[in-house]
Amino acid sequence: MKLNRKDILGIKELSLEEITLILDTADSFLEVSTREIKKVPTLRGKSVINLFYEASTRTRTSFEIAAKRLSADAINISASTSSVVKGETLIDTAKNLEAMNPDVIVIRHSAAGAPHLLASLLRQSIINAGDGAHEHPTQALLDMMTIRSKKGRIAGLKIAIIGDITHSRVARSNIHGLTKMGAHIFVSGPATMLPREIETLRVTPCIRIEEALQDADIIMMLRIQTEREKQNVFPSLREYAQYFSLNRKNISLARRDCIVMHPGPINRGIEISPEIADGPHSVILDQVTNGVAVRMALLYLLTGGNS
Amino acid sequence: MTLLLKGGRLIDPSRDADGDGDLLIENGKIIKTGKDLPKGKKSDVEVLDVGGMWIVPGLIDMHTHLREPGFEYKETIASGTEAAVAGGFSSIACMPNTNPINDSRSVTEFICRKARECSLANVYPIAAITVKSEGSLLTEFWDLKDSGAVGFSDDGRSVMNASLMRRALEYASSLGMPVIVHCEDKNLSSGGVMHEGGVSTELGLAGIPAIAEDVMVARDLLLAEFTGAAVHIAHVSTAGAVRLIREAKNRGVRVTAETAPHYFSLTDEAILQFDTNAKVYPPLRGEKDRMAVREGLADGTLDVIASDHAPHARTDKEVEFDYAASGLTGLETSLALSLRLVTEGVLSPSDLIKKMTLHPAHILRIPKGSLAVGADADITVIDPQKAWTVDRTLLRSRGKNSPFHGWTMKGKAVLTMVGGFIRYRDL
């Protein structure tokens, strides 16, 4: 089976079959990273540009490693070192990159829709590595891969997503993907961080985090951006940590075999207590490992590979 | 020169007239109206057969942005007035957010002079309420009136200081001049780029809540009620604003209000693919708001349809949605979108024409909007059946930023006459 699309812009437009194809392909690539020689020649001669307009360590490194393990050439461009500082527009930058004939452009940008703008103008495949608060499809795919491997299924699971839903692209992409896969999603966080009409995304909003945690199979904690404190979105980190963090006490509401996820980077002691982050329920580092496999799968499928 | 428009349907809300009729024009004035007017004996009478078409007073768009001076790369007075007459408008009012802002006699006179030189549509400048539209000092209302301004507005932003707004209303009232308010509480709208609702939630774009508009409409209605001054609410987009205005009118507050075609034609779903041409302020709202705007038009709460013509260059729009300029080019699609309201049974032809002629003329107190004998021969002929497709590349405006590109329309201005001169003809 082939992935019949040019770009990966969001989970919203992916079908159940496409998601399954990507996850199956990722499962098969997982093994490459465990070899002594972690490289296959699959994408030799292809080039991947990582165009990052926002700071990122994990995602950019993950894409770079994924490309290199498939023998593609990976080029990293970050906004601080590029012509962005000289005032070049996104379209002009992209057109210049296009002229150098890469095969895939991975873009992260603080403005929602920026990858869509590129996809409509460039002949190369575009992978969205996070656009504003809109989507972060590769994160959702690696999360789904992790859930599937730990639980054997996604359908029917109760999933709690806790934190700043309004500003979270991770939440949006996961909501799209996990509802498609048949999970039941409960979101919780301070009322100021639950966007209007969130019900239209087919999730159940909860005022108190305990309601969301009750009998949850999966707990997904979101990173709280500390600068929101100054925007009066919540009163203080102190209060946030007391009422909205995952800790040893409230995790007991969830199912005994629940798993705890976090897209990183984590604020220890704020949204998640250290003993939970490092505890037996945590799969945070498995997510990172799976991230490489998911990105290998996408690079492979977008450049014409079969599953 | 004498011109006879023959065989049309004369719709003139200023005289409650709607029926078959001819119109005789001489020396820039309407000299006779009636059925089966004779051609007369003069040899130089041009007869135009407009059978099946509507003859209406020259349309008036009381809310446009002509961008000159300062932003000529987006639009000029020449290109803007060319777009106006092509859209059926013989008169337009232009907002002061140019560079420099129209807050002085020199800018107002410049606009009037440029418009005269272009001699296409009549142009009526609206001057700023506050110096540089910064919301802190009143402009010289008397001087601006004497130099040609027909109203005051800080369009694009609200005068956040309620005390200053009160003074503006009182002072303008003493001149018999309208104050046109852009209602947006900037603390509530801060950072937003689209309507706050299900679509913004899905796209992760920062939202502008409907109450950012409603709160300010409520304030300005209360100030108008308190001062007894007239206020005109620009580009109403929310169900809440429609309701507040309706209630205020019932209490006798001197309020008039306008909406723009995009608010009754589109919703925030137009942004689902990040189309920056659908980025406007106030933002395209939800379906409930769209329906309320239509009801407001139908029951008379909303007096005027104005395009809020806001032309932008490609470079302003072909960027990330967050960074794109807001506004759409509207002069050449406004009439056709408004005619849909007739097709869909929201408005009668006469009510529609009233909102695009008589009402704006009354609000701006300009001697336009009538086909009475003796009136200026500002006339628009509309072919209500003419089918056409919006092609942004063919717009006369320099701004090609239309979210209606590719839409099939029914109805179009086929003749626009200004002061007895044909300024646009597609007949």
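Values reported hereafter were calculated over all heavy atoms of this structure, with side chains retained and with hydrogens, waters and symmetry mates removed.
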>> Looking only at heavy atoms and a cut-off of under 4.5 Å, which of A:Ala171, A:Ala114, A:Gly132, A:Ala133 has the most pairs with chain B?
In response: A:Ala133
> Crowded around A:Ile207 CD1? As in, over 12 foreign heavy atoms under 6.0 Å?
Replying inline: no
Between chain B and chain A, are any donor-acceptor pairs under 3.5 Å, and how far apart is each one to 0.1 Å?
{"residue": "B:Gly198", "atom": "N", "partner": "A:Glu197", "partner atom": "OE1", "Å": "3.1"}
{"residue": "B:Thr201", "atom": "O", "partner": "A:Arg172", "partner atom": "NE", "Å": "2.4"}
{"residue": "B:Thr201", "atom": "O", "partner": "A:Arg172", "partner atom": "NH2", "Å": "3.0"}
{"residue": "B:Thr201", "atom": "OG1", "partner": "A:Arg196", "partner atom": "O", "Å": "2.5"}
{"residue": "B:Glu202", "atom": "OE2", "partner": "A:Lys12", "partner atom": "NZ", "Å": "2.7"}
{"residue": "B:Glu320", "atom": "OE2", "partner": "A:His109", "partner atom": "NE2", "Å": "2.8"}

>> Counting only heavy atoms not in B:Lys132 (residues, nucleotides, ligands), do more than 12 fall under 6.0 Å from its NZ?
In response: no
>> Taking side chain as everything from C-beta outward and backbone as N, CA, C, O, which of these in A:Ile198 sits under 4.5 Å from a heavy atom of chain B? Side chain, backbone, both or neither.
In response: both
